[in-house]
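Each chain gets a letter, A, B and so on, in the order its sequence line appears, and its residues count up from 1. If you're wondering where the values come from, they're calculated on a predicted model, not measured in any experiment.
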Amino acid sequence: MKLEKIAAPKGVREYLPPESRSFEWVREQLISPAKSAGYQLMELPVFEDTTLFNRGVGETTDVVSKEMYTFEDRGGRSITLRPEGTAGVMRAVIEGNLDRGQLPVKVWYAGQFFRAERPQAGRYRQFYQVGIEAIGVDDPALDAEVIAIANQGFKNLGLKRYRLEITSLGDAASRAAHRVDLMKFIGGLNLDDATKARSEINPLRLFDDKRPEIIDAMQGAPLLMDYLSDYSLDHFSKVTGYLDDLNISYVVNKRMVRGLDYYTGTTFEFVHSDLGAQSGIGGGGRYDGLMEVLGGQPLSGIGFGLGIDRALLAAIAENTLPIQEFSSDLFIIPLGDEMKSFALTFAASARKQGFSAEVAFGERSLKGAMKGADKSGARFVAVIGETERESGSVELKRMSDGTSISVKMSELNKVLEL
RNA sequence: GUGGGCGUAGCUCAGCUGGUAGAGCACUCGGUUGUGGUCCGAGAUGUCGCGGGUUCGAGCCCCGUCGUUCACCCCA
């Protein structure tokens with residue numbers, strides 16, 4: 001009797017071999033620039049106290065109000081699977097007193113995040129991101145470097161068909177003044193109820209609407225950029241100046257909208273042109289009030305999150321994925337059961353000598369084992385039996401051309417390093 | 001949460017106007033004694049997503065459901 005199969009939960013994205021090799025590669029390309037810029041790893045829990053996101057991300061955001069996986073644990077605590085990375089990093093920085101040391105605190109992280117949305121191309125309920133945060137210094141040069149690090153990650157992937165959009169959301173006072181005028185403007189529009197309701201939660205959302213009639217209606221809307229204080233404008237122009245010096249091209253998007261409430265000042269987004277509706281491959285910005293909201297010192301911060309899933313889709317779309325070799329140096333075939341122990345010993349010795357080695361397991365015929373060796377892509381194959389055990393040397397067959405060389409089992413480097 | 005497309009072997013798919021399933025690839029074994037890739041031969045595999053309905057009869061029609069996919073919303 002066959003039992004029913006169990007499927008993965010809806011919308012999760014998982015990576016199995018051989019695809020996982022590409023995933024691993026993409027993740028490393030995206031994060032390596034941060035590592036070489038002095039950012040250090042932070043491993044964080046995937047679930048947190050629900051209050052962290054309510055307070056950090058903002059109750060009115062879609063993410064918090066309708067996309068979180070929230071449940072009660074056995075102790076009656078409200079727990080939420082992290083929908084984004086920054087709030088958790090801030091919590092850990094405060095809790096671990098990292099903000100008492102030298103500033104800025106510079107950390108990176110990678111892992112899965114969870115949002116209960118309807119799955120779509122490039123949008124999953126469990127998705128993967130890498131990100132960095134730099135906390136405690138408000139310097140436009142830092143903003144520029146953070147952006148440059150993200151940009152370098154995408155360049156590492158060989159991507160070309162993407163653009164960097166950047167804007168400044170200014171400080172709280174500027175946003176409040178702009179909001180009043182924007183609400184007034186929107187009030188004069190003839191909108192359907194759903195859209196009106198959305199605009200009351202966050203009027204900026206209408207700038208992001210994809211429907212032509214809304215885009216049209218928003219043409220004359222007041223722009224936040226025109227409300228910025230001198231300080232914010234000066235800060236922003238320095239950031240763009242540094243980007244110019246770094247030869248990083250960008251477009252200033254005065255209508256950019258971000259879904260998380262904590263962003264202030266410099267805000268940016270990387271958008272890829274081949275990905276359909278879910279085109280954002282990364283985004284981030286400054287969040288100058290967040291630490292304080294979470295009970296820490298009033299320190300500024302800036303960071304980004306890059307979507308690994310989408311970056312991988314982009315690399316596939318642009319055909320920039322390198323072939324990911326996965327093969328051992330040596331494939332060892334024991335002749336019969338009585339040679340298995342010897343094969344395991346030999347494999348261990350080969351690994352100790354610095355080479356990767358696999359053993360043929362099971363009851364296959366020699367021919368079958370050779371086929372297995374071939375498919376594994378191993379560079380060399382060694383068949384071992386009585387003769388080898390007695391002599392202490394093996395024939396290493398080079399699979400690329402079929403030639404073989406005899407070598408002592410303790411001196412594999414004489415052949416394998418060629 | 002709303003709307004459209006799709007759901008046939010491990011994969012990609014075929015299956016004509018309804019008559020209870022096929023191809024290619026992949027996989028396993030073999031082509032005799034301790035050596036792969038090509039070639040040849042043989043073989044295994046499907047409750048046609050699931051449930052109900054129409055019919056003498058359904059993979060093909062209808063309804064529901066689940067899954068998947070694309071878009072809206074939102075966003076990585």
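- Using modelled atom types, one side-chain atom of Lys106(A) and one backbone atom of Ala37(A) make a donor-acceptor pair closer than 3.5 Å.
- Formation of a donor-acceptor pair under 3.5 Å by the Thr320(A) side chain with backbone atoms of Leu157(A) is found in this model.
- Searching all strands for a Watson-Crick or G-U wobble partner of U54(B) with both distances below 3.5 Å returns nothing.
- As rounded to the nearest Å, G18(B) and C74(B) have C1' atoms that lie 44 Å from one another.
- Residues Thr167(A) and Met225(A) are in side-chain contact: their nearest non-hydrogen atoms beyond the backbone lie under 4.5 Å apart.
- Taking atom CZ of Arg125(A) as the reference point, atom C1' of C73(B) lies 14 Å away to the nearest angstrom.
- We find that CG of Leu313(A) is positioned 16 Å from P of A76(B), with the value rounded to whole Å.
- Between the NZ atom of Lys66(A) and the P atom of U2(B) there is a distance of 12 Å, rounded to whole Å.
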With the sugar-phosphate defined as primed atoms, P, OP1 and OP2, and the base as all remaining atoms, what B/S/- string results for nucleotides 29-45 of chain B, 5' to 3', for protein heavy atoms under 4.0 Å? SSB--BBBB--------
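- Looking only at distances, no side-chain donor or acceptor of Arg255(A) sits under 3.5 Å from a matching main-chain atom of Asp208(A).
- Of the P atoms belonging to C63(B) and C75(B), the separation is 36 Å, rounded to the nearest Å.
- Rounded to whole Å, the distance from CG on Leu206(A) to C1' on C73(B) is 13 Å.
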I'd like to know whether Tyr162(A) forms a ring-ring contact (aromatic ring centres under 6.0 Å, His included) with Phe154(A), so could you lay out the CA-CA distance, the side-chain angles of the two residues, the decisive distance to 0.1 Å, and finally the verdict. CA-CA 9 Å; Tyr162(A) 70 90; Phe154(A) 293 127; 5.5 Å; yes
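- Residue Arg258(A) is classed as a sugar-phosphate contact, given heavy-atom separations below 4.0 Å to backbone atoms only.
- Under a 3.5 Å cut-off, the side chain of Arg13(A) and the backbone N or O of Gln126(A) do not form any donor-acceptor pair.
- Distance noted for atom C1' between G31(B) and A9(B): 27 Å (whole Å).
- Between Met256(A) atom CE and C74(B) atom P the separation is 16 Å, expressed in whole Å.
- G67(B) is paired with C6(B) under the Watson-Crick or G-U wobble criterion, all donor-acceptor distances under 3.5 Å.
- With both pairing distances under 3.5 Å, G1(B) is matched to C72(B) as a Watson-Crick or G-U wobble pair.
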So Asp62(A) and Ser65(A), side chain to side chain donor-acceptor pair (under 3.5 Å) or not? Walk me through it. CA-CA 5 Å; Asp62(A) 279 33; Ser65(A) 64; 4.6 Å; no
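- For U35(B) and A76(B), the C1' atoms lie 50 Å apart once the distance is rounded to whole Å.
- Remark: A23(B) base-pairs with U12(B). Criterion, Watson-Crick or G-U wobble with two distances under 3.5 Å.
- A donor-acceptor contact under 3.5 Å links the side chain of Glu117(A) to the base of A76(B).
- Comparing U12(B) with C27(B), their C1' atoms sit 16 Å apart, to the nearest whole Å.
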At under 4.0 Å between heavy atoms, how does the protein contact nucleotides 64-72 of chain B? Give one character per nucleotide, 5' to 3', with B, S or -. ----S-SBB
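- Shown here, U32(B) forms no base pair; nothing in the strands shown gives a Watson-Crick or G-U wobble contact with both key distances under 3.5 Å.
- Phe304(A) has its CZ atom 20 Å from the P atom of C75(B), to the nearest Å.
- For Tyr128(A) and Phe113(A), the distance between ring centers is not under 6.0 angstrom.
- Taking the side-chain hydrogen bond (donor to acceptor under 3.5 Å, both in side chains) definition, one finds that Thr70(A) meets it with Thr80(A), sequence neighbours left out.
- Across the C1' atoms, G24(B) and G15(B) are found 15 Å apart, a figure rounded to whole Å.
- The aromatic ring of Phe127(A) sits over the base of A76(B), with ring centres less than 5.5 Å apart and planes tilted by under 30°.
- When rounded to the nearest whole Å, the span between CZ of Arg205(A) and P of C73(B) equals 11 Å.
- Taking atom P in both C61(B) and A26(B), one finds a spacing of 33 Å when rounded to whole Å.
- Distance CD1 (Ile215(A)) to C1' (C73(B)): 14 Å, rounded to an integer number of Å.
- Comparing the P positions of U65(B) and G4(B) gives a spacing of 13 Å, expressed to the nearest Å.
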